[in-house]
Amino acid sequence: MPQENGLLEMEGSVENIVYHNDSNQYTVLEVDCGEELITVVGTFPYVSVGERLHLYGTWTSHATFGQQFRAQAFERSRPADTAAMLKYLSSGAVKGIGGALAGRIIEAFGDESIKVIEEDPARLATVKGITLKKAKEISEEMQRVNGIRDLMAFLGSFGVRPEDTVKVWKVYGQDSVACIQEDPYRLCSDKIGISFAVADQLAESLEYDRDNKERVKAGVLYVLRHNLNNGHTCLPADKLCAAAAKLLGVPPESAQEALLELCQTFEAVNENFNGRDFVFLPKQHRSEVYCADRIHMMLRYPPESITGIDREIAEIERTKGIEYAELQKDAIRAALEKGLLILTGGPGTGKTTTLNAIIRILMEKGETVFLAAPTGRAAKRMSELTGVEAKTIHRMLQVDWDDNDDPVFQINERNPLECDAVVIDELSMVDAYVFESVLRALPIGCRLILVGDSDQLPSVGPGNVIGDLIASKVFPTVQLKEIFRQSMESLIVMNAHKIVEGEMPELSVRSNDFFFMPREDVRSVSETVQSLVVTRLPKSYGYSPVTDIQVLCPGRKGELGTVELNRKLREQINPPAKNKPQVTVNGTVFREGDKVMQIKNDYNLPWSREDGTVGEGVYNGDMGIIIDVDKDAGCLRVEIDDKEVLYDFEHAAAELELAYAVTVHKSQGNEFTAVVMPMFPGAPQLSYRNLLYTGITRAKKLLILVGKRSVVADMVANDKKTRRFSGLQHFLLEKPEEDGPEQNEEAEA
DNA sequence: GTTAGTTG
């Protein structure tokens, strides 16, 4: 490796195309570099044998295929001499030309051959065996091949990656270069999605004007798109224009003007909520409007009401030996009578037992009930707690992925779910698009029961679904408050409540479950966290550093991130030893005794239990311990709960991570006996209330915060993450269009 | 400038 982050350069000619995927242009090549034959992988549209490539990339090692050169960029030259041309044309690179024909063409036109094929089909047709029609076809194909090549050269020089160039070609084809030169900001469109900065740089080199309308419009759209990443489905017009003006270096009035034009061409949508203008991208607007309309329709034509269920509730209380609180009974009644319900509440408020009663009564009434959750692990947990099979929402709706890797659901309004009721758990993780997809998949008259805790981490994708639904007060909602699982004397529970209310948690009171250890600098925070886990807690409480204690961090990076803490904790908790086998796969060390987390859903991985039962499936967020590293067999044995799972090394590297310390995000859905959290200024966008709350509520018996009081205060004060700009609440509060739903039904018939 | 979900 010559320098860090630096790309290596290679040059050679393509010997063989080992694999080529036509939909994404992923290609595996054998390239002759003079002294040796190397394997090259990367995105290569229209690569052909005989071509000379200049490659930029890095060496990687693949578990089965060994050393590979991963090309991140490349340049290629057209074959220059007749020998290279013959090799190139014979390779089948140009459809319609085979080996024999290639020979005759070269014979006829020499080193002008390629030029003739591309530009002069009439002359090409003079070669024996080529009709004029065929010559034209060949010529077109040649133009295509050369066109994308020229495009790659053109865009590549501005740092556009080959895979993005392919997208440009898909949209503009032959006219790509001209279209991009005309308006470089077309690169920022939805379908292509190259960053504004790259397009702007390209525009600058084309001497585009700073105040150019297209540039300003692109800047405005960019700000909207960029803010999807921050969870906003829309932005107040004034904020949007100010941000765009700053980005572009133009006066806000120019941005406003551009925005007006965008709204006229429906590239953006303006809505006025309570006297303030909000701007949406069309897709987000459609999505939230659809959700509100569909909910209005469900409220107007509600599912069939099931009444008189007090007897059933009493029966469940008797057989299960539980007693429901009034609020829980309210929830059960609402779900069955109205058919629509949001059930919210923090951990331990009894959501699950309430849900169980609802599901049980529905099934007793002969209804088909589908259960789903946004993550694999939440779905698995839901199955375990209810005894009914639950799937991820994506699986329930039979997801497919399009060319841009965006989800497309097979189950939708034309092909709805076949059931009477749908229950979605962990609604806080559901974003606007997934929620829209669920609504589209519901058959007419289907019940919809939504369960979640709005104080947990917000969804990854844009939207504030659970918050908007509750705040609108349109959707029947029951908020469970009473604490069942933990006693009210617990400071963990009390402080969690305070944090939700935006109050500073009690840090100085002596309690037996919640501690704050003030530390002023990074090093002492890190060292305290380590000593707590490695020696102090095991000593005073008898807790195991592997199975009982969990370190939770806001982020992965830095001295107090999971990566660094994992490294330090592992070397103390589970140091290397002679009798302890370990293996290094792609740079990561797996050692017997290590605590690991599964980071992908893998539905087919088999497991077995000690009692002989077997099954398959491990889920993102599952945690376990490596109990054996078998180098001869090339596999790891991992104990996850009461199951034993076998990973081959390749699988392990792709799906397992060290888990002495994990991010709060990854800990969602898990609970631990003891939790230790570093509290130190880091990325400000990870310093917010719900993250602190989620981390703290993972602890069952003991919670220790280590670090700065001011950081705790900042996190409590910062509820920005939950205050997302979105339209669902407003659309729900608008009066539904009188004949909206009927029109939809007619259109479908 | 950070985190993170969904599939075969």
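Worth knowing before you read on, the calculation uses all heavy atoms, side chains too, and leaves out hydrogens, waters and symmetry mates. None of these values were measured; they are calculated from a predicted model.
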Sugar-phosphate, base or nothing in reach of Asn620(A), heavy atoms under 4.0 Å: sugar-phosphate

Proximity to the side chain of Arg395(A) - top-ranked nucleotide from dT2(B), dG8(B), dT6(B): dG8(B)

Atom pair distance, as rounded to whole Å: CD1 in Ile466(A) and C1' in dG5(B): 16 Å

Sugar-phosphate, base or nothing in reach of Gly376(A), heavy atoms under 4.0 Å: sugar-phosphate

Residue Lys557(A), side-chain heavy atoms: nucleotide from dT7(B), dT2(B), dG1(B) that is nearest: dT2(B)

Upstream residue (5' side of DNA chain B) when Val460(A) and Thr392(A) are each assigned their closest nucleotide: Val460(A)

Sugar-phosphate, base or nothing in reach of Asn601(A), heavy atoms under 4.0 Å: sugar-phosphate

Nucleotide nearest His665(A) (side chain, heavy atoms from C-beta), chosen from dT3(B), dT6(B), dG1(B): dT3(B)

Main-chain N/O of Asn670(A) paired with Arg698(A) side-chain donor or acceptor, under 3.5 Å: yes

N/O (side chain, Tyr603(A)) to phosphate O (OP1/OP2, dG8(B)) under 4.0 Å: no

Ion pair Glu426(A)/Arg381(A), N-O distance below 4.0 Å: yes

Between dG8(B) (P) and Gln410(A) (CD): distance, integer Å: 11 Å

Atom pair distance, as rounded to whole Å: CG in Leu228(A) and P in dT2(B): 21 Å

Nearest-nucleotide comparison on DNA chain B, the residue closer to the 5′ end among Leu686(A) and Ile599(A): Leu686(A)

Lys391(A) NZ/CZ over Tyr603(A) ring centroid, <6.0 Å and within 45° of normal: no

Selection from dG5(B), dT2(B), dT7(B) that lies nearest to any side-chain heavy atom of Lys666(A): dG5(B)

Atom of Ala652(A), atom of Phe590(A) and distance for their closest heavy-atom approach: O-CZ, 3.6 Å

Presence of Ser459(A) side-chain N/O under 4.0 Å of dG5(B) phosphate oxygens OP1/OP2: no

